[in-house]
Colleague: 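Right, I'll just put the structure down here and ask away after.
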Number of protein chains: 2
Amino acid sequence: MVKNENTSTENVKNLLVEKGVKPSFQRISVLKYLLRENNHPSVDTIYKNLVPYIPTLSRTTVYNTLKLLSEKEVISTLTINDTDLRYDFINEPHDHFQCKTCNAIFDVKVGVDISGLKSIDGHQIQEIQLHMKGVCRQCLKEKN
Amino acid sequence: MVKNENTSTENVKNLLVEKGVKPSFQRISVLKYLLRENNHPSVDTIYKNLVPYIPTLSRTTVYNTLKLLSEKEVISTLTINDTDLRYDFINEPHDHFQCKTCNAIFDVKVGVDISGLKSIDGHQIQEIQLHMKGVCRQCLKEKN
DNA sequence: TCTAAATTTGTAACTATTACAGATTTATAG
DNA sequence: CTATAAATCTGTAATAGTTACAAATTTAGA
Ligand SMILES: [Mn+2]
Ligand SMILES: [Mn+2]
Ligand SMILES: [Zn+2]
Ligand SMILES: [Zn+2]
């Protein structure tokens, strides 16, 4: 549903540089993971997946990297899950659905597009997140 | 914007009983606070506001009560804030705006109504939350 | 009034996140 | 190619929100 991003080191490096982020090995690795998996991971998921390949990696580095990428608007911080924050590459605007059974988070797109809305009741809008929860397609199937 | 609920003990008690919740003094107090303030509070805000009137109150009771009211669909759990969960009485469907400067959460209503959407991409939808973030009206004014 | 069930309470445990200082790596100037 | 400074990364400790749990209290039913 969301277009596949080129996850070559060169492209990931460029994405960082374009946004003013120095492309360290750790930063490239984190962003590459987000692009490749597109699974809205937590800090811990990212850490556990990368540490086998980067044995010296620190959880703090993952936290620092995600904070930096978030500030530079390379990624967005999803508050859809109630126990930890999730991260997503900023691509074309889309919404999210979380399954209450398997906890997976899916990209979805509702018909209406409010991504252009700049203010409401005099409040200046900078970010919009539309979150849905329920039972995902797979889990529905398995229940029968 | 959202209609004022009757916050008399009698009415709050009825709201609980209708949803199958035994109306203990603590439960009535918590729900009354939510209805009266309509400020999307955290557990801690609720606790700090009630404990002067209920000196024996335990934080755990506030957690337990909110969990129970959430399960019985008396209140909804908002994941808009990134550090703690916020709670809201379930009234007419509406959306939320959080100010990044003062952190206040406002009730808002976007034009489009998707509250009737029952499924998307085959996933069964049970809850929808639309979250906006930016700078609120007051904070915008104070910046000038 | 006695007994059992439900509710509340306080403490301990757990987990996500942040603070921070020291170690390492990278960039810059001589 | 050094020497030095700046940036980045790392590991540990501290913080904060939440949950687990058992004991105490309250409430409901016999
Ligand atoms: Mn996404
Ligand atoms: Mn609200
Ligand atoms: Zn599922
Ligand atoms: Zn504000």
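So that the names make sense, note that chain A is the first sequence line, chain B the second, and so on, each numbered from 1. Everything numeric in this text was worked out from a predicted model, so none of it was measured.
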Colleague: Atom CZ of Arg36(A) and atom CG of Leu31(A): how far apart are they, to the nearest 0.5 Å?
Modeller: 10.5 Å

Colleague: Taking CG from Asn81(A) and P from dT17(C), how many angstroms apart are they, rounded to a whole number?
Modeller: 10 Å

Colleague: Testing the 3.5 Å rule here: is there a donor-acceptor pair between the side chains of Asp44(A) and Ser42(A)?
Modeller: no

Colleague: Among dG17(D), dA16(C), dT7(C), which nucleotide has an atom closest to any side-chain atom of Tyr63(A)?
Modeller: dA16(C)

Colleague: Over all strands shown, is Thr83(A) touching base, sugar-phosphate only, or nothing at heavy-atom distances under 4.0 angstrom?
Modeller: sugar-phosphate

Colleague: Between Asp44(B) and Lys22(B), which residue's closest nucleotide on DNA chain D lies nearer the 5′ terminus?
Modeller: Asp44(B)

Colleague: When you measure from the side-chain N and O atoms of Ser24(A) to the phosphate of dT25(C), is any distance below 4.0 Å, counting only OP1 and OP2?
Modeller: no

Colleague: Which atom pairs link the protein and nucleotides 10-14 of chain D when you take only N or O atoms and keep those under 3.5 Å?
Modeller:
residue: dT10(D); atom: OP1; partner: Gln26(A); partner atom: NE2; Å: 3.4
residue: dT10(D); atom: OP1; partner: Thr56(A); partner atom: O; Å: 2.9
residue: dT10(D); atom: OP1; partner: Thr56(A); partner atom: OG1; Å: 3.1
residue: dT10(D); atom: OP2; partner: Ser58(A); partner atom: N; Å: 3.3
residue: dT10(D); atom: OP2; partner: Thr61(A); partner atom: OG1; Å: 2.7
residue: dT10(D); atom: O5'; partner: Thr56(A); partner atom: O; Å: 3.2
residue: dG11(D); atom: N7; partner: Ser58(A); partner atom: OG; Å: 3.3
residue: dG11(D); atom: N7; partner: Thr60(A); partner atom: OG1; Å: 3.4
residue: dG11(D); atom: O6; partner: Thr60(A); partner atom: OG1; Å: 3.1
residue: dT12(D); atom: O4; partner: Thr60(A); partner atom: OG1; Å: 3.2

Colleague: Just by distance, no angles: are the side chains of Asp95(B) and His131(B) close enough, under 3.5 Å, to form a donor-acceptor pair?
Modeller: no

Colleague: Please work out whether the ring planes of His94(A) and His40(A) are parallel, tilted or perpendicular, with thresholds of 30° and 60°.
Modeller: tilted

Colleague: Determine, for Asp84(A) against Arg86(A), whether the closest basic-nitrogen to carboxylate-oxygen distance falls under 4.0 angstrom.
Modeller: yes

Colleague: So, Ser115(B) and Asp113(B): side-chain donor and acceptor under 3.5 Å apart, yes or no?
Modeller: yes

Colleague: To the nearest Å, give me how far apart CG (Asp84(A)) and C1' (dT19(D)) are.
Modeller: 15 Å

